[in-house]
Amino acid sequence: MEGSITKVSFTTEELADRWEDRRAIENLMARRCYYQIFRQSMREYNELWCKKTPDPALGVNEGWYKGRDAVEGYYSALERLTELKTSVAMEAYPDKLGNITSEKARGAGSLPVYALTTPVIEIALDRNTAKGIWMVDGADTDLSPSGPKNEWVKGRVGVDFVREDGEWKIWRLAYAEEVRTEVGSSWASPAPEREPVKPFDRLASFEMPKPNVPEKLFERYHFLRPMPRFPEVPEPVAEGGRELLPGEDPELFRKIDRVWDVQDIKNLMGRHAYCFSYGMQEREMEELWVQKPENRKTASFAQSCGYQCGYDVVYENMVTRRYRRVKAALAAFREVHPEIEDKPENYGIGEMVMHQLTTPVIEIAEDGLTAQGAWYTPGNATFSEPDGHVEAYWMYERYGMDFIKEDGVWKIWHLFVGTDLEIPVGTSAKELPVDEEPTTYWDEGDDGMNLRLTHTFQAYSSRYNWSEYPPIPKPYRTFSEVTSNYIDGNPLFDKEAEK
Amino acid sequence: MSVKNKVERAAAAVEAENVMARHSYYHAAGKHREEVESIWTKQPAASWTLAMAKMWTLDSFVKSYVDGNDAMVNANMRALCRKYPEVEGMDPHPLMEESVHMLTSPLIEVAGDAQSVKGVWYTPGLILSTLNPSGEKEARWTWERYAADFIMEDGKLVYKNLVALCDFAGDVDDGDWTVIEDNAGMALPEVTDENGEAVVPVMDAVGEFYHNYAPWQPAQLIPRLPTAYESLKDTFEYNDVVEEI
């Protein structure tokens with residue numbers, strides 16, 4: 001975050017206005033999601049996209065629709081496609097749709113849900129532009145040439161926003177789709193394409209306009225793909241730390257300061273999720289985690305299999321050992337695929353990790369020094385081997401987080417991840433044993449690359465369904481009052497045995 | 001708009017997101033009584049609307065969401081104790097299941113008077129249970145639309161109305177909701193008491209107020225998306241299935 005950060009002191013009103021900008025942008029993107037579900041493509045374009053700012057652009061994996069005509073052309077094609085699908089549905093299901101107008105039948109069979117998670121949003125100092133990134137947890141159910149079809153869709157969307165006539169609008173939007181795979185199959189071994197059937201085969205002749213600036217903007221996951229770093233995560237525009245300015249109402253300042261504490265923590269957690277997805281663990285540890293010696297001593301990262309206590313241990317696992325592991329993995333890939341270059345950008349080849357953040361509860365301590373948060377993360381993790389073998393998992397996990405403020409900036413202090421469900425994509429949950437050992441993630445023994453725990457025990461279990469740990473934060477005065485997400489707060493930790 | 005008003009509206013929106021998520025976690029823990037006591041209005045005019053049932057008053061909501069849930073929890077516990085005697089004496093609520101309705105895509109509008117908040121969320125949810133009377137691990141996706149009204153009561157933001165509408169549900173990871181028999185969506189549970197008698201849940205209305213996904217189902221412009229408003233008395237409420245205009 002070199003060089004671009006400005007130190008600014010905002011007034012209480014400016015802080016409130018900037019927060020309103022953030023809310024308006026999150027609402028704008030949510031509207032986009034619901035208009036997609038409602039099959040209102042032109043409404044999405046007409047209401048949400050900029051109309052006066054030059055050079056709007058819509059990016060998809062295969063390239064850019066650049067310029068107003070190209071973007072509008074994309075949306076009007078979507079509108080025509082919805083009309084075609086409606087007509088196909090009316091032909092296919094005359095007993096259900098035969099007695100209603102095509103207007104009433106509009107959107108029949110189409111339910112595209114591209115739910116937005118994991119926001120990081122930054123408003124420019126002049127409040128005329130803004131940037132944001134989200135992950136997409138999607139399920140696209142639709143009519144296809146082979147009939148009704150449902151697909152899992154996972155991706156990310158990066159957006160530049162611009163203010164036009166006082167309202168926030170989409171200026172440039174890039175959607176990077178990671179996977180699109182039929183429900184019940186896995187992107188590790190996709191289901192074969194099904195044969196077209198009548199009358200749905202009419203859909204095969206419809207072609208969306210191609211991007212007018214074709215380029216390989218983003219590659220979907222495949223086993224030889226390097227870890228992606230797209231779209232870029234927006235950088236903070238102003239240094240943390242807000243202060244009561246002379247003449248301002250201290251109560252109002254305190255209230256808006258707490259509001260921004262929550263927003264800062266949401267951004268912080270979003271950055272954590274993207275660092276993890278993009279293989280940027282070194283940056284995560286150095287920029288997002290505690291740095292003060294007294295806090296580093298008690299920093300921790302815990303998973304169901306145990307705890308890593310102390311910043312140095314977390315760093316060693318997250319950065320040093322991971323670095324050795326991905327470097328060794330790349331060497332193994334290069335033995336089979338010598339065309340792959342030996343360069344850091346290729347570390348993490350064949351990995352795809354998305355831990356999406358949803359359902360936040362964030363409480364700032366009354367003393368303003370610490371905060372607690374809970375999230376639920378619907379994730380997926382994919383790993384490949386040089387021979388092309390791919391393993392893909394659904395990961396459903398709970399996050400219990402403690403944060404601490406260092407020089408006015410929120411930092412990750414304790415990160416607890418409790419895994420509720422880890423299951424190969426395309427596998428029935430009924431096939432899993434009721435009693436599972438917690439995953440250790442790496443092999444036993446110390447080869448300098450595997451996970452090093454300071455405390456190995458089953459730190460989390462969903463055996464009894466809902467677990468009371470980690471805690472769901474409640475309003476609190478100071479950190480000593482709450483159940484910590486550090487090891488000493490975990491009821492499964494046997495302090496006596498430890499002695 | 002005064003600075004005070006702007007700040008209060010910002011704080012209310014942040015609180016609405018917390019209250020909404022608290023519901024998800026209380027529900028996941030099966031602790032509906034605690035939920036109603038801590039984050040719901042104390043006024044009689046409260047509502048809960050599902051695709052197949054409506055509760056129009058706080059009283060009927062409590063009878064259904066709290067008492068009905070307790071009946072299910074107790075029935076599950078009796079069956080679970082027979083299969084896994086180790087659970088005897090444990091709190092039966094978390095043992096019911098871990099039903100997590102994850103919250104995404106928040107669209108939140110705070111009233112100009114900062115006395116209420118309207119919100120819409122999409123929830124790609126997961127209902128998971130490891131210990132089951134069946135002896136098998138069970139996991140089921142349930143993707144739903146949420147809409148809610150929150151009101152300020154004694155300085156605290158609480159629920160007034162909640163709408164939850166299921167688009168599709170399917171087993172992890174072999175469900176196919178394009179096959180209608182597999183897309184059961186949400187259904188009224190069948191519960192029996194300790195004598196084996198059916199416990200009939202209290203609903204003010206039972207019917208089909210929203211449709212699960214079907215290949216012939218037209219787009220449902222539901223729920224109506226909130227826009228800027230001054231006061232809850234001047235606009236619609238989510239005490240019914242309210243269609244987008």
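Keep in mind that this is a model prediction, so the values were computed, not measured. In the text below, chain A, chain B and the rest are named by the order of the sequence lines, each starting its count at 1.
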Is B:Q217 close to chain A through its backbone or its side chain, or both, or neither, when contacts mean heavy atoms under 4.5 Å? backbone

In terms of heavy-atom proximity below 4.5 Å to chain B, should A:Y396 be classed as side chain, backbone, both, or neither? side chain

Could you list which of residues 87-96 of chain B have a heavy atom closer than 4.5 Å to any heavy atom of chain A, in residue-number order? B:V87, B:M90, B:P94, B:L95, B:M96

At a heavy-atom separation under 4.5 Å, does A:V262 approach chain B through its side chain, its backbone, both, or neither? side chain

Side chain to side chain, B:V14 and A:W19, heavy atoms closer than 4.5 Å: yes

Looking only at heavy atoms, the pair that brings B:T178 and A:P148 closest together is CB-CB, 3.8 Å

If only atom types and distance count, is the side chain of A:R23 paired as donor or acceptor with the main-chain N or O of B:I108 below 3.5 Å? yes

For the interface with chain A, which of B:S2, B:S99, B:A13, B:P106 has the highest count of heavy-atom pairs at distances below 4.5 Å? B:P106

I'd like to know whether A:Q40 forms a side chain to side chain contact (heavy atoms under 4.5 Å, CB included) with B:L221, so could you lay out the CA-CA distance, the side-chain angles of the two residues, the decisive distance to 0.1 Å, and finally the verdict. CA-CA 10 Å; A:Q40 295 177 319; B:L221 311 190; 3.7 Å; yes

For A:D95 and B:W216: C-alpha separation, side-chain torsions, deciding distance, then whether side chain to side chain contact (heavy atoms under 4.5 Å, CB included) applies. CA-CA 10 Å; A:D95 54 327; B:W216 50 82; over 6 Å; no

Should B:L103 and A:T359 count as side-chain neighbours, where that means a heavy-atom distance under 4.5 Å? yes

Minimal non-hydrogen separation, A:A30 against B:S105, with atom names: CB-O, 3.6 Å

Heavy-atom distance under 4.5 Å to chain A: side chain of B:V172, backbone, both or neither? both

Side chain, backbone, both or neither of A:S462 within contact of chain B (heavy atoms, under 4.5 Å): both

Please confirm whether the backbone N or O of A:V434 pairs with a side-chain atom of B:T130, one donor and one acceptor, at under 3.5 Å? no

Out of B:W141, B:Y84, B:Y26, which one racks up the most heavy-atom pairs below 4.5 Å with chain A? B:W141

Heavy-atom distance under 4.5 Å between the side chains of A:W152 and B:D173, does that happen here? yes

Residue part contacting chain A, namely of B:L80, when any heavy atom lies under 4.5 Å: neither

Any salt bridge (Lys or Arg N to Asp or Glu O under 4.0 Å) involving residues 461-471 of chain A? Give me the pairs, sequence neighbours left out, ordered by first then second residue. A:D435-A:R463, A:R463-B:E86, A:E468-B:K31

When heavy-atom pairs shorter than 4.5 Å are enumerated against chain B, which of A:V183, A:T117, A:L28, A:L15 gives the highest number? A:V183

Chain A contact via B:E244 - side chain, backbone, both or neither, heavy atoms under 4.5 Å: side chain

List the atom of B:T104, the atom of A:A115, and the distance in Å for their closest heavy-atom pair. OG1-CB, 3.2 Å

What's the spacing between B:E136 CD and A:E431 CD if we round to 0.5 Å? 10.0 Å

In terms of heavy-atom pairs under 4.5 Å with chain A, which of B:A28, B:P223, B:S24 leads? B:A28

Set of side chain to side chain donor-acceptor pair (under 3.5 Å) partners for B:N132, sequence neighbours left out: B:S129

Euclidean distance, A:K255 NZ relative to B:K6 NZ, rounded to 0.5 Å: 16.0 Å

Looking only at heavy atoms, what is the nearest atom pair of B:Y213 and A:L143, with distance? OH-CD2, 4.4 Å

Considering all heavy atoms of both residues, which atom of B:A139 and which atom of A:A429 are nearest to each other, and what is their separation? CB-CB, 3.6 Å

Can you measure from CZ (A:R31) to CG (B:L225) and round to the nearest 0.5 angstrom? 5.5 Å

Anything in residues 112-127 of chain B with a heavy-atom distance to chain A below 4.5 Å? Please list those residues in order. B:V120, B:W121, B:Y122, B:P124, B:L126

Min side-chain heavy-atom separation B:R145-A:I37 under 4.5 Å: yes

Distance in Å, B:L128 CG paired with A:I423 CD1, rounded so as to fall on 0.5 Å steps: 9.5 Å

Given B:R22 and A:E363, is the salt bridge (Lys or Arg N to Asp or Glu O under 4.0 Å) satisfied, shown in steps? CA-CA 12 Å; B:R22 282 188 197 291; A:E363 290 290 349; 2.5 Å; yes

When you compare the side chain of A:K430 with that of B:E138, does any pair of heavy atoms fall below 4.5 Å? yes

Under the side chain to side chain contact (heavy atoms under 4.5 Å, CB included) criterion, do A:N150 and B:D176 qualify, and how do the steps go? CA-CA 7 Å; A:N150 47 3; B:D176 180 357; 3.2 Å; yes

Relative to chain B, which segment of A:Y35 carries a heavy atom at a distance below 4.5 Å: side chain, backbone, both, or neither? side chain

Can you tell me which of A:T358, A:T118, A:T12, A:V425 forms the most heavy-atom pairs within a distance under 4.5 Å of chain B? A:T358

What class does the angle between the rings of B:Y25 and A:W466 fall in, given that below 30° is parallel, 30 to 60° is tilted and above 60° is perpendicular? tilted

Non-hydrogen side-chain atoms of A:K266 and B:E17 separated by less than 4.5 Å: yes

Side chain, backbone, both or neither: which part of A:L97 has a heavy atom under 4.5 Å from chain B? side chain

Taking all atoms of both residues into account, what is the closest heavy-atom pair of A:I100 and B:P218, and its distance? CD1-CG, 4.5 Å

In terms of heavy-atom proximity below 4.5 Å to chain B, should A:S428 be classed as side chain, backbone, both, or neither? both

